[in-house]
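This is a predicted model, so every value here is computed, not measured. Atoms within each ligand, like the ligands themselves, are counted from 1 in listed order. Residue indices begin at 1 and follow the sequence shown.
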Amino acid sequence: MNQAVLILIKPDGLKKSLTGNILTRLSESKLEIVAAKMVRVSKELAEEHYQHLKGKPFFNELIKYLRGELHDRRKVMALVYWGEDAIEKCRELAGSTNPEEAESTTIRGSYGRITTIGVYENVIHASSNEAEAEREIKLWFMPEEIIVDLYVTTQVLEKERKKKAWA
Ligand code: DAT
Ligand code: MG
């Protein structure tokens, strides 16, 4: 069954110049990239993304980590991969959440670490199931940023709004 999955290359992955290596690993899946962009992550976006972990002792550090405050890289790379069993394939290539427990051949096992204060710097995010993937993709991307029609859309009339354009 074809599925979509949100992948984030987290700030540690960017700082360690691992983007190419990570994309090469993910390409083993033979999935199609249907969206990609760099994102400066607001506190609101980070907290919404990790809403299921609100209240955990590591939540505040996790939000700082995703926003790049721990790596002086205030951005992440966000991608949507699409194809047969995309979630399982990407989660397998990513490896376990805890990078010390992840198989050494996986992305997290190869490049992740746990910091002395206990942050799991695990290099990438991959959605964990179809419902989460849909929620996350809709959170990170607008419909026109994705080159296939993944989810039902609606037409909205945009009120007059200032936006940046090429001069
Ligand atoms: P995953 O990212 O594998 O889907 P998750 O959704 O349970 O795992 O957690 C999201 C992130 O939160 C994870 O990538 C790293 C961090 N995290 C999870 N459990 C943690 C823990 N026990 N200590 C520190 N960070 C943790
Ligand atoms: Mg998760």
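- Protein heavy atom closest to atom 9 (O) of ligand 1, with residue, atom name and distance, is Leu53 CD1, 3.4 Å.
- Near Arg91, the atoms of ligand 1 lying under 4.0 angstrom from a non-hydrogen atom of the residue are 1 (P), 3 (O), 4 (O).
- With no hydrogens or angles considered, a side-chain donor-acceptor pair links Asp12 and Tyr65 at under 3.5 Å.
- Remark: the backbone N or O of Ala78 is not paired with any side-chain donor or acceptor of Lys37 at under 3.5 angstrom.
- Atom 19 (N) of ligand 1 has Phe58 CZ, 3.4 Å as its closest protein atom, hydrogens excluded (heavy atom only).
- For the pair Ser128 and ligand 1, the shortest N or O to N or O distance does not fall below 3.5 Å.
- Inter-residue side-chain proximity for Glu130 and Glu134 is flagged as unmet; no heavy-atom pair is nearer than 4.5 Å.
- For atom 16 (C) of ligand 1, the nearest non-hydrogen atom of the protein is Leu62 CD1, 3.7 Å.
- Pairing each heavy atom of Arg67 with each of Ala46, the nearest pair is CG-CB, 4.0 Å.
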CA sep, side-chain torsions, deciding dist, call: Lys75, Val39, side chain to side chain contact (heavy atoms under 4.5 Å, CB included): CA-CA 5 Å; Lys75 61 195 168 197; Val39 184; over 6 Å; no
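- Considering backbone and side-chain atoms together, His125 places no N or O closer than 3.5 Å to any N or O of ligand 1.
- Using a 4.0 Å cut-off between a side-chain N of Lys or Arg and a carboxylate O of Asp or Glu, Lys64 and Glu61 qualify as a salt bridge.
- Counting protein heavy atoms only, atom 5 (P) of ligand 1 is closest to His52 NE2, 4.1 Å.
- The only member of Val80, Ile7, Leu6 that meets side chain to side chain contact (heavy atoms under 4.5 Å, CB included) when paired with Ser127 is Leu6.
- Heavy-atom proximity to Lys10, at under 4.0 Å, picks out these atoms of ligand 1: 14 (O).
- Nearest protein heavy-atom contact of atom 11 (C) of ligand 1 is Tyr50 CE2, 3.8 Å.
- In terms of protein heavy-atom proximity, atom 2 (O) of ligand 1 is closest to Arg108 NH2, 3.1 Å.
- Of all protein heavy atoms, the one lying nearest to atom 15 (C) of ligand 1 is Asn122 ND2, 3.7 Å.
- Closest of all the heavy-atom pairs between Val41 and Leu66 is CG2-O, 3.9 Å.
- The protein heavy atom nearest to atom 22 (N) of ligand 1 is Tyr120 OH, 3.4 Å.
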